[in-house]
There are 4 protein chains.
Amino acid sequence: MGGTMDGTKQQRRGNTRQRIQDVALELFAEQGYEKTSLREIAEHLDVTKAALYYHFKTKEEILVSVFEDLTQPIEDLIEWGRQQPHTLRTKQEIVRRYSDALTGAAPLFRFMQENQATVRELRIGDTFKDRMRGLREIIIDPDASLTDQVRCISALFTLHAGMFVMQDVEGDAEEKRKAVLEVAIDLVTQADRGTPAA
Amino acid sequence: MGGTMDGTKQQRRGNTRQRIQDVALELFAEQGYEKTSLREIAEHLDVTKAALYYHFKTKEEILVSVFEDLTQPIEDLIEWGRQQPHTLRTKQEIVRRYSDALTGAAPLFRFMQENQATVRELRIGDTFKDRMRGLREIIIDPDASLTDQVRCISALFTLHAGMFVMQDVEGDAEEKRKAVLEVAIDLVTQADRGTPAA
Amino acid sequence: MGGTMDGTKQQRRGNTRQRIQDVALELFAEQGYEKTSLREIAEHLDVTKAALYYHFKTKEEILVSVFEDLTQPIEDLIEWGRQQPHTLRTKQEIVRRYSDALTGAAPLFRFMQENQATVRELRIGDTFKDRMRGLREIIIDPDASLTDQVRCISALFTLHAGMFVMQDVEGDAEEKRKAVLEVAIDLVTQADRGTPAA
Amino acid sequence: MGGTMDGTKQQRRGNTRQRIQDVALELFAEQGYEKTSLREIAEHLDVTKAALYYHFKTKEEILVSVFEDLTQPIEDLIEWGRQQPHTLRTKQEIVRRYSDALTGAAPLFRFMQENQATVRELRIGDTFKDRMRGLREIIIDPDASLTDQVRCISALFTLHAGMFVMQDVEGDAEEKRKAVLEVAIDLVTQADRGTPAA
DNA sequence: TATGAATGAGATTTCATTCAT
DNA sequence: TATGAATGAAATCTCATTCAT
């Protein structure tokens, strides 16, 4: 009516690739990588399986492309971290930024966390491991005591846990996020002091 | 004839069920549940797939049986926890005992952690979730601040992280375990101090 | 009637593997390897595709197994040839025996001849090439003139041609076979004399 | 603008059709017809699959067009042969000319020889068969003995074999060609002497 | 206590082909 | 003279499961 085309199929123009990525990530996160078939993805998009193969060479490639798009901020964070002095302030900032990065790509990280066994065998497995190592390197002081090293790792993991496990705890989402961040920052702070809070 | 049997097949006597569980857990943990086929398990055991079906009704049942056998200690721990007073000393003991339970069934927990997406859809998914909730209930004080609640969860998660992520950190295994335990106990301790009671 | 079972499905007992090989070779020879699908083979046998995979690991394996079964006589012939003196009488006997071997596995050789491009990329490609080289070695005198070497190769090829091209020539099958054999023997004979028939 | 075009894409001007034929033949000969996909051809030419469909209606049509272009000399040869007297001299000349024709379109004939099963089902299959029959008719004397008929067919086949099998024999290419031709001429010569007329 | 033989469902992937632009 | 986007059909292969023996 009024000249514009019916919207049903129209919006599919030029953005199919993006839509595939979106739906795939959603389903991968919900059901796991292996249990999500290309048939299912295609049906959700109302295209044929073959259309997926026009945009991506393999199933794995869909995941890889999503991964690369969404983890760029973490790559950047590591890059930034490497160029900062190894001060407490830096570490605290890393934790803060990491928390943001996680929030920005929550479904992907949920997926990575819940499908580690699968991811390990995929091409992104190594990339992910590298990134985790990078994060550890910029936040851990190799001369610190083992206990303090554990604190730093625990800080990172607390952020991870915060995203998923915390869903089962009652409370306002934003407040929970803040509480999680506080605990994580506490941990790196204690690690820096070389001793738990006095 | 008239002598002792050849040892090759001999030890397989009557314990096939157990051997299936062992091999299955090993492969599940290594490759993930979906990527591990019954053919593969059977080949590792040098029996036919059909033999697996003599001992277990379905693939899922193999996992269920392993799960039930190995998580009994945690069930017991929760039971014990419920009957203790909600003191700091109790919480510290829970952390200590949980650390032991995890160590005793490391491959299973590695599996559970790395295959959450899969597990969620399986029969053990709910059981596992229940158990996690049980653990939270005996370690978290519902009146505590959100931050302190996070600390308790973080303590549990630190133990988990300790089992897997810590592999990449250098240091003696036993020392690392102790460091991890120390940080976890620290966390519940801080959480306790934070409560109004203090 | 009379107590014995209905034959329809009964004969399928224990010989499915052989039946797969038979039908596969028939279809491969008739339509080519690529154009023959496993679905087609399965339908001809009234089993499911999966049944084929119980007996053979891949489509290629079906062909390989047929090839290995049917070309044993040629392998044997080469072995025999290597242990004979390089006399004219030997070469004539080789031609005679080769003719027999070809006749005994006509459909396979028809297939090999008509699907060379495909076969080259398959696992049997190299084996086949080796065998052809073996044949050349036992029939060609490396010191002979190029022309005489060509005569020997031509003899072998005449036998091949005889199996397929000759179908279009009218005449009694057995007589044609004899005529082909005669020409082939003529060729090696001339090659031996070091000069064409005077 | 105002200069000569960059050469990279320039030569592609107007001759795309020819380039498709060239690349297609090359790939068909190398890998076989079925194993060569239009995607592959298009990639080699750095155009899209759809571009192929601008120039040819189907995959088969590409092959047909190549076939028709390259086998014209043989068509001509048959035409010529039909108008000559059935003398030995004629037959020798046919062999010579056929050898030339084969050499001029070697990749096509290699393809035809190695993909007979495929070709048989294609539109060119019948055409090819007709041509072969034509060749037989002008070179075979229907009153000759079966043996002599075989000799003539063997002569043609020797030329074919010469193009491919001979690659594995050492020696100078041109010399080998001559040797092959000599044997083929020998064969028709002997066939002629065998006829009652002698 | 196991095996041999098979199945039905479904997965990923490839292909020739089409059509609006 | 081409391309970008898509399709329908089909292929190879894998898997959990069943059942007579």
Side-chain angles (χ1 to χ4, degrees), chain A residues 9 12-17 20 34-42 45-62, chain B residues 9 12-17 20 34-42 45-62, chain C residues 9 12-17 20 34-42 45-62, chain D residues 9 12-17 20 34-42 45-62:
Chain A
K9 282 241 167 186
R12 164 176 317 164
R13 256 280 204 41
N15 60 349
T16 304
R17 198 189 137 92
I20 293 171
E34 332 253 3
K35 295 261 278 194
T36 303
S37 70
L38 296 183
R39 178 184 51 69
E40 215 174 347
I41 297 176
L45 291 167
D46 200 29
V47 289
T48 61
K49 275 175 290 166
L52 305 184
Y53 279 91
Y54 175 77
H55 293 281
F56 299 94
K57 266 212 291 279
T58 63
K59 183 183 181 185
E60 190 173 345
E61 264 245 322
I62 300 180
Chain B
K9 283 235 168 191
R12 167 175 317 166
R13 261 285 211 50
N15 61 350
T16 303
R17 197 188 138 92
I20 292 172
E34 329 255 3
K35 294 260 280 197
T36 303
S37 68
L38 294 184
R39 177 180 55 66
E40 216 174 345
I41 296 175
L45 291 166
D46 204 28
V47 290
T48 59
K49 269 182 295 172
L52 305 184
Y53 279 90
Y54 176 80
H55 294 281
F56 298 95
K57 267 216 293 276
T58 65
K59 182 184 181 185
E60 190 173 346
E61 266 247 320
I62 300 179
Chain C
K9 282 242 167 185
R12 164 175 318 163
R13 254 285 202 35
N15 60 349
T16 303
R17 198 190 138 92
I20 292 172
E34 332 253 3
K35 295 261 280 193
T36 303
S37 69
L38 295 183
R39 179 183 52 69
E40 215 174 347
I41 297 176
L45 291 166
D46 201 28
V47 289
T48 60
K49 276 174 291 168
L52 305 185
Y53 280 92
Y54 176 76
H55 293 282
F56 299 94
K57 266 213 290 277
T58 63
K59 182 184 181 185
E60 189 173 345
E61 265 244 322
I62 300 181
Chain D
K9 284 237 168 189
R12 166 176 315 166
R13 259 286 210 52
N15 59 351
T16 303
R17 197 188 138 93
I20 293 172
E34 330 255 1
K35 293 260 279 196
T36 302
S37 68
L38 294 185
R39 178 179 56 64
E40 216 174 346
I41 296 176
L45 291 166
D46 204 28
V47 290
T48 59
K49 270 183 294 173
L52 305 184
Y53 278 90
Y54 176 79
H55 293 281
F56 299 94
K57 265 216 292 277
T58 65
K59 183 185 181 184
E60 191 173 347
E61 267 247 319
I62 300 179

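Every chain is numbered from 1 and lettered A, B, ... according to where its sequence line falls, protein lines coming before strand lines.
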Protein-nucleotide distance ([X], atom [atom1]; [N], atom [atom2]), rounded to Å:
{"X": "A:D46", "N": "F:dG8", "atom1": "CG", "atom2": "P", "result": "11 Å"}
{"X": "A:F56", "N": "F:dA6", "atom1": "CZ", "atom2": "P", "result": "12 Å"}
{"X": "D:K49", "N": "E:dT18", "atom1": "NZ", "atom2": "C1'", "result": "11 Å"}
{"X": "A:Y53", "N": "E:dT13", "atom1": "OH", "atom2": "P", "result": "3 Å"}
{"X": "C:N15", "N": "E:dA5", "atom1": "CG", "atom2": "P", "result": "11 Å"}
{"X": "D:I41", "N": "E:dC15", "atom1": "CD1", "atom2": "P", "result": "11 Å"}
{"X": "A:I20", "N": "E:dT12", "atom1": "CD1", "atom2": "C1'", "result": "15 Å"}
{"X": "A:E61", "N": "E:dT14", "atom1": "CD", "atom2": "C1'", "result": "16 Å"}

Are any of [X]'s side-chain N or O atoms less than 4.0 Å away from OP1 or OP2 of [N]?
{"X": "B:T48", "N": "E:dG4", "value": "no"}
{"X": "B:T58", "N": "F:dA16", "value": "no"}
{"X": "B:H55", "N": "E:dA2", "value": "yes"}
{"X": "B:R39", "N": "F:dA16", "value": "no"}
{"X": "C:Y54", "N": "E:dA6", "value": "no"}
{"X": "A:S37", "N": "E:dA11", "value": "yes"}
{"X": "B:T16", "N": "E:dA2", "value": "yes"}

Could you check which nucleotide pairs with E:dT18 in any of the strands shown, counting Watson-Crick or G-U wobble with both distances under 3.5 Å?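 Because both required distances fall under 3.5 Å, E:dT18 counts as paired with F:dA5.
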Using purine N1 to pyrimidine N3 plus N6-O4 or O6-N4 for Watson-Crick, or N1-O2 and O6-N3 for G-U wobble, both under 3.5 Å, which nucleotide pairs with E:dA11?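 Checking every strand shown, E:dA11 finds its partner in F:dT12, with both distances under 3.5 Å.
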Point-to-point distance, once rounded to the nearest 0.5 Å, from [atom1] of [X] to [atom2] of [Y]:
{"X": "C:I20", "Y": "C:Y54", "atom1": "CD1", "atom2": "OH", "value": "11.0 Å"}
{"X": "C:S37", "Y": "C:K49", "atom1": "OG", "atom2": "NZ", "value": "8.5 Å"}
{"X": "C:L52", "Y": "C:T58", "atom1": "CG", "atom2": "OG1", "value": "11.5 Å"}
{"X": "A:T48", "Y": "A:L38", "atom1": "OG1", "atom2": "CG", "value": "11.5 Å"}

Closest approach of C:E40 to C:K35 (non-hydrogen atoms, all atoms of both residues): OE1-O, 3.7 Å
The side chain of B:V47 lies closest to which of these nucleotides: F:dC13, F:dA2, E:dT3?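 Looking only at side-chain atoms, B:V47 lies closest to E:dT3.
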Between A:A51 and B:E60, just flag the one whose closest nucleotide in DNA chain F comes earlier from the 5' side. A:A51
Closest to the 5' end of DNA chain F, once B:K59 and D:L52 are matched to their nearest nucleotides, is D:L52
When the nearest nucleotide of DNA chain E is assigned to C:A50 and to A:E34 on a heavy-atom basis, which residue is associated with the more 5' position?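 This one resolves to C:A50.
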Take B:R17 and A:K35, find for each the nucleotide of DNA chain E with the closest heavy atom, and name the residue whose nucleotide sits nearer the 5' end.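 Nearest-nucleotide comparison on DNA chain E picks B:R17.
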Ignoring hydrogens and angles, tell me if any N or O in the side chain of B:K59 forms a donor-acceptor pair with the backbone of B:T36 under 3.5 Å.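 Between the backbone of B:T36 and the side chain of B:K59 there is a qualifying donor-acceptor contact (under 3.5 Å).
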